[in-house]
Peer 1: 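I'd like to ask some things about the structure below.
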Amino acid sequence: MMINYNHTVFVFLLLSLGIFKLGSCSGNQSQTNNVTVKCIKSEREALVRFKEGVNDIPGKLSSWVGEDCCQWKGVECDNESGHVTMLNLSNPAGRHRHSDYYEIYSRNRPPCANSECSAGLSHRNNICSKRSSYIQRRECRSLLGDVNSSFSRDVNASLSGEITRYLSNLSSLTHLDLEGNYNLSTKNLDWVSSLSSLQKLYMGGVKINHTEADWLHAINMLPSLRVLSLYSCELKHLPSSLTFLNLTSLRVLDLSYNPFNTSIPQWLFNLSSLKNLDLTFSNQRGKILDSFGRLGSLKYLYLGGNHFYGSIPASIGNLSSLKELDLSYNEMNGTIPESFGQLSTLVKLYLLENSWEGVITEAQLMNLTTLEEFVLTTNNKSQPLVFNVKDDWRPPFKLKILHLESCLIGSKFPKWLQVQSELTYVILKSVEINGTIPEEWFSMISYNLTHLDLSNNQINGSLPHQLVFPNVTKLFLQSNLFSGPIPSNISDLMPSLQYLDLSENHLYGKIPLSISKIKKLNILVLRRNNLSGELPDHWNKSQMDLRVVDISYNNIRGKIPSSMGFLGNLSILVLSNNNLSGEIPSSLQSRSIVSMDFGGNRLSGNLPSWIESDIFMLRLRSNLFSGTIPKKWCNLHKLRILDLAQNNLFGGIPDCFNNFNAMVDHNTFGYQHVENYTEKAYIVTKGREYEYDRTLQFVTCIDLSGNSLTGGIPIQITSLTRLGTLNLSMNHLNGRIPKNIGNMRWLETLDLSNNRLFGPIPGSLSSLTSLVHLNLSFNNLTGRIPSGSQLQTLIDTTIYKGNPSLCGSPLPTKCPGDETSDGPSITDVDDKQGGDHYERIWFYANIGLGFGVGFWSVCGTLLLKKSWRHCYFRFCDEIKDRIALLIALRVVHLKRKFGLEKN
């Protein structure tokens, strides 16, 4: 019993102790939960001051109320100390993303590095050209039109204003992210140097106003910094040296899209821990140094869009951890070293748009076992890069993206490509492939393929009629030798098709009706084939994405289908050089068409007065149109090309053509670039027919030749100061040439021949300094031909042929008052008139006076001064004696030489 009692007491004591301990723990836990960590007062004050200095349009800082700043959105604090450790106010819409890197490059839009790009709203907006000419810069800016709307959203989500120095009070901050706020700025980065615990600094897109190298000196005070992102910050100075390097922990360095205009500094190669280096479009110059081989930890190296030249250094093979390498859009003109074969971890390789030369063999590719994206294009036309691999070579990689352009990969489709079964994106453009494409290869990649471009080769054979490409969105087969018909069930084979270009082949047969069933179709180009039959008549409202239809230079007959009016977003319609007849359907009115080219058909009826004001090009030449030019067309403010030549038009030229604003102001654009399509058109200018493609949007032309137009040339037309070509020939125009025609200072071609114009040629014509082609023949013009610096270069007499009352150079006919004799005469007094007579008298008088003065200044002196006279004759005697002695010595020498001297 005693044992049981003691045992019971012991158990009771244990239970009591446990209950007491449990209650104590519960109480402590409850007490802990009631304690909330609040931020430091001074740090809250710093954040409030920061908020006061910025404009919070997107409302990111709306939660910044109350005492506890640790509860504010974008702010994180240490749970124990309460110090702010993270501030994240980035704009995700404007972040620098390399995930869409190749997507940008693949749009054939070389990026730029000017101020527009550095302030360009985001990495993706930097797509304008590095090229410097005025026309190309304008083209570059126009290319931005289709993306600017999306980037306006980036700006709307951006904070604006100035970053104040108060952020330096956040002494425990380890993570600061203000990236993508393109309206934010800071006077300098001195405040950053106080953030001694900072590990990650993201300020891409923030404008940093600095002097020389102070921005880097401030950054160099952060020994714990691991990530530094300063892309598009308008930094102009990258110091070549540092007295000491404190950034030994740096893993990521992004200085892309800054206009440095320097060479890569040597201190950069001491960042031995660097894993990601991005200097894309940072205006770097010189050769890519061997020193890159010292950065053995690099995984991502982006050097695209700079001014590097020469070959890739052999030390590139030392970067054994490299996963992505980009050297695109530089000026490199050398070879690709064999050490490339050592990059066994490489996944993405971008080598676009350089002047590569030499040979690629298995050595450069043998160990690239992880390679998935291989992009190489060259602009070296004289010595293009050659792939020289064995016919039976099987590469160790499985590619997903392959882009080879303007290099030579072999006359037949290479077998090393036929084993690539995982391809989704294929461009083999201008690589001189001939023969047929193996259908086995097509079958192997058909279900994965999304993009296929085999353009500009010599590939023949028929288009595949049985293969299914359910995911293909872009198919470019232009400029080849494909023949046969287009598959009649193309909508079933390629239901996702968005871009289809089969132009410049030998296709024949009818255009399949199933094309009108491809709902996502955006561009349809069938130009320059042998297609026949009629246009499909089943276009419908479901094809709202269709923007371009180009079926020019075929044998299409019949009428233009009225159902094309259902294509609500159609902007470019090119049906030129076919056998189309009938009228232009009125259903096309109120469409968004900016370019309409129906030239070279048999279309008839009146000109459509309903053409909308957004149209850029209206080309209806070589048809059977009749009637007058509609006055409503004077509202076409964006019109730059009006070609109505060779029709049956009559009546007068409207006197309101001065409303064509795009021919007056170069900033008025009616043309919007369409991705993956280049419109082509033949324009008669400079006396010849030229094909324009990429520069078509800069052409300005009015061609009304070959009609029956009457009346005079409206004086208002001379207001078109940006007009390049004016052709009014072969009409029945009368009256005078407008006096102020010299106002058209950009005019290069002026053809007024074969009309009934009369009166003098205006003197202002000599002001046309850009004029290279002029034709005024077969009119009734009279008087003297004007002279001028530019007109003096136009010496072809046929310019003025058929105007018997014209005179003056370059015609042989002299004008009244001109000198008609072959040379000057001093005996025929009747030929000496006015100023010419007196000029000749003074000329000969001056000759006589000059001779007299010269003669008597010498001979008179000798007559008057005896000592000079004696000296002169003594000099003459000495000269005579010397000459006689030289002759005698020469005669003796010759006698001795020929043995004629007597002993």
Side-chain angles (χ1 to χ4, degrees), residues 400 413 418 420-428 436-455 459-478 480-527 529-551 554-556 558 561 563-564 566-570 573 575 675-677:
K400 294 181 180 178
F413 195 79
Q418 296 181 35
Q420 298 299 314
S421 58
E422 299 179 9
L423 286 167
T424 61
Y425 196 110
V426 179
I427 297 180
L428 298 173
T436 60
I437 301 296
E439 290 201 7
E440 296 81 8
W441 181 69
F442 270 139
S443 300
M444 188 168 51
I445 65 173
S446 61
Y447 280 90
N448 295 327
L449 200 63
T450 61
H451 184 124
L452 178 62
D453 185 346
L454 302 177
S455 58
I459 304 172
N460 55 35
S462 301
L463 300 179
H465 282 65
Q466 304 299 326
L467 299 180
V468 179
F469 298 91
N471 299 309
V472 166
T473 59
K474 299 179 181 181
L475 179 61
F476 302 106
L477 302 179
Q478 67 267 28
N480 276 288
L481 303 174
F482 287 107
S483 60
I486 301 173
S488 58
N489 60 338
I490 189 170
S491 61
D492 298 326
L493 297 176
M494 308 174 203
S496 303
L497 206 57
Q498 298 177 18
Y499 300 86
L500 176 62
D501 191 340
L502 304 177
S503 60
E504 300 180 34
N505 279 284
H506 302 305
L507 302 175
Y508 55 81
K510 295 183 178 181
I511 300 174
L513 296 177
S514 62
I515 278 185
S516 58
K517 296 180 182 180
I518 305 176
K519 294 182 179 181
K520 296 181 180 180
L521 195 62
N522 193 296
I523 291 177
L524 174 62
V525 185
L526 304 176
R527 178 180 57 229
N529 280 285
N530 297 315
L531 300 172
S532 58
E534 298 184 355
L535 293 171
D537 194 17
H538 297 286
W539 310 98
N540 55 75
K541 294 181 179 179
S542 65
Q543 295 180 293
M544 293 299 292
D545 293 332
L546 192 57
R547 298 179 60 193
V548 176
V549 174
D550 185 347
I551 314 180
N554 280 282
N555 298 313
I556 305 298
S563 62
M564 279 192 161
F566 292 124
L567 304 176
N569 289 316
L570 187 65
L573 181 56
L575 302 175
E675 183 183 341
N676 292 312
Y677 174 73

Peer 1: Do any pairs count as a side chain to side chain donor-acceptor pair (under 3.5 Å) and have a residue in residues 512-523, sequence neighbours left out, and if so which ones?
Peer 2: none

Peer 1: On a heavy-atom basis, which atom in Phe566 and which in Lys541 lie closest, and how many Å separate them?
Peer 2: CD2-CE, 3.7 Å

Peer 1: Distance from Ile515 atom CD1 to Ile551 atom CD1, nearest 0.5 Å?
Peer 2: 7.5 Å

Peer 1: Say you draw a straight line from CG of Leu475 to CG of Leu454; how long is it, rounded to the nearest 0.5 Å?
Peer 2: 8.0 Å

Peer 1: To the closest 0.5 Å, what do you measure between CG (Leu570) and CG (Asp545)?
Peer 2: 12.0 Å

Peer 1: Looking at residues at least two apart in the chain, or sitting in another chain, which of them share a side chain to side chain donor-acceptor pair (under 3.5 Å) with Ser542?
Peer 2: Asn540

Peer 1: Does Asp550 reach the main-chain N or O of Arg527 with its side chain, forming a donor-acceptor pair under 3.5 Å?
Peer 2: no

Peer 1: Checking Ser496 against Asn471 for the side-chain hydrogen bond (donor to acceptor under 3.5 Å, both in side chains) test, could you report, in this order, the C-alpha distance in whole Å, the side-chain angles of both residues, the deciding distance, and whether it holds?
Peer 2: CA-CA 6 Å; Ser496 303; Asn471 299 309; 5.0 Å; no

Peer 1: For Pro464 and Pro487, which heavy atoms make the closest approach, and how far apart are they?
Peer 2: O-CG, 3.6 Å

Peer 1: Considering all heavy atoms of both residues, which atom of Pro561 and which atom of Pro536 are nearest to each other, and what is their separation?
Peer 2: CG-O, 3.4 Å

Peer 1: Going by side-chain contact (heavy atoms from CB on, under 4.5 Å), name the residues that satisfy it together with Leu481, two or more places apart in sequence or in a different chain.
Peer 2: Gln458, Asn460, His506

Peer 1: Look at Glu675 together with Arg547 and state whether they make a salt bridge at an N to O cut-off of under 4.0 Å.
Peer 2: no

Peer 1: Is it true that a side-chain atom of Gln543 and a backbone atom of Leu521 form a donor plus acceptor pair closer than 3.5 Å?
Peer 2: no

Peer 1: Restricting to salt bridge (Lys or Arg N to Asp or Glu O under 4.0 Å), what partner residues turn up for Asp501, sequence neighbours left out?
Peer 2: none

Peer 1: Check side-chain contact (heavy atoms from CB on, under 4.5 Å) between Leu507 and all other residues, then give those that pass, not counting sequence neighbours.
Peer 2: Leu463, Phe482, Ile486, Leu502, Asn505, Asn529, Leu531

Peer 1: Under 3.5 Å, is there a donor-acceptor pair between the side chain of Ser421 and the main chain of Met444?
Peer 2: no

Peer 1: Determine the minimum heavy-atom distance between Ser443 and Leu467, stating which atoms define it.
Peer 2: OG-CD2, 3.2 Å

Peer 1: How long is the gap from CG on Asn569 to CG on Leu546, to the nearest 0.5 Å?
Peer 2: 9.0 Å

Peer 1: Could you give me the CA-CA distance, side-chain angles and deciding distance for Leu573 and Met564, then say whether side-chain contact (heavy atoms from CB on, under 4.5 Å) is met?
Peer 2: CA-CA 10 Å; Leu573 181 56; Met564 279 192 161; 4.0 Å; yes

Peer 1: List the residues meeting salt bridge (Lys or Arg N to Asp or Glu O under 4.0 Å) with Glu439, not counting sequence neighbours, and say none if there are none.
Peer 2: none

Peer 1: For Phe476, what residues pass the ring pair (Phe, Tyr, Trp, His ring centres under 6.0 Å) criterion, not counting sequence neighbours?
Peer 2: His451

Peer 1: Rounded at 0.5 Å granularity, tell me how far CG in Leu513 sits from CD in Glu534.
Peer 2: 10.5 Å

Peer 1: State the CD1-CD1 distance between Ile490 and Ile511, to the nearest 0.5 angstrom.
Peer 2: 11.0 Å

Peer 1: Can you list everything that forms a side chain to side chain donor-acceptor pair (under 3.5 Å) with Ser491? Sequence neighbours excluded, please.
Peer 2: none

Peer 1: Can you list everything that forms a ring pair (Phe, Tyr, Trp, His ring centres under 6.0 Å) with Tyr499? Sequence neighbours excluded, please.
Peer 2: none

Peer 1: To check you understand the geometry: which heavy-atom pair defines the closest contact between Ser483 and Tyr508, and what is its length?
Peer 2: C-CE2, 4.5 Å

Peer 1: According to side-chain contact (heavy atoms from CB on, under 4.5 Å), who are the partners of Asn448, at least two apart in sequence or on a separate chain?
Peer 2: Thr424

Peer 1: Tell me every residue that passes side chain to side chain donor-acceptor pair (under 3.5 Å) with Glu504, counting only those two or more places apart in sequence or in another chain.
Peer 2: Ser479, Lys680

Peer 1: Do Leu500 and Ile518 have side chains that approach each other closer than 4.5 Å (heavy atoms only, starting at C-beta)?
Peer 2: no

Peer 1: Could you tell me which residues satisfy side-chain contact (heavy atoms from CB on, under 4.5 Å) with Asp492, sequence neighbours excluded, listed by chain and number?
Peer 2: Asn489

Peer 1: When you compare the side chain of Asn676 with that of Gln498, does any pair of heavy atoms fall below 4.5 Å?
Peer 2: no

Peer 1: What pair of heavy atoms forms the shortest contact from Ser563 to Asp537, and how long is it?
Peer 2: OG-OD1, 3.2 Å

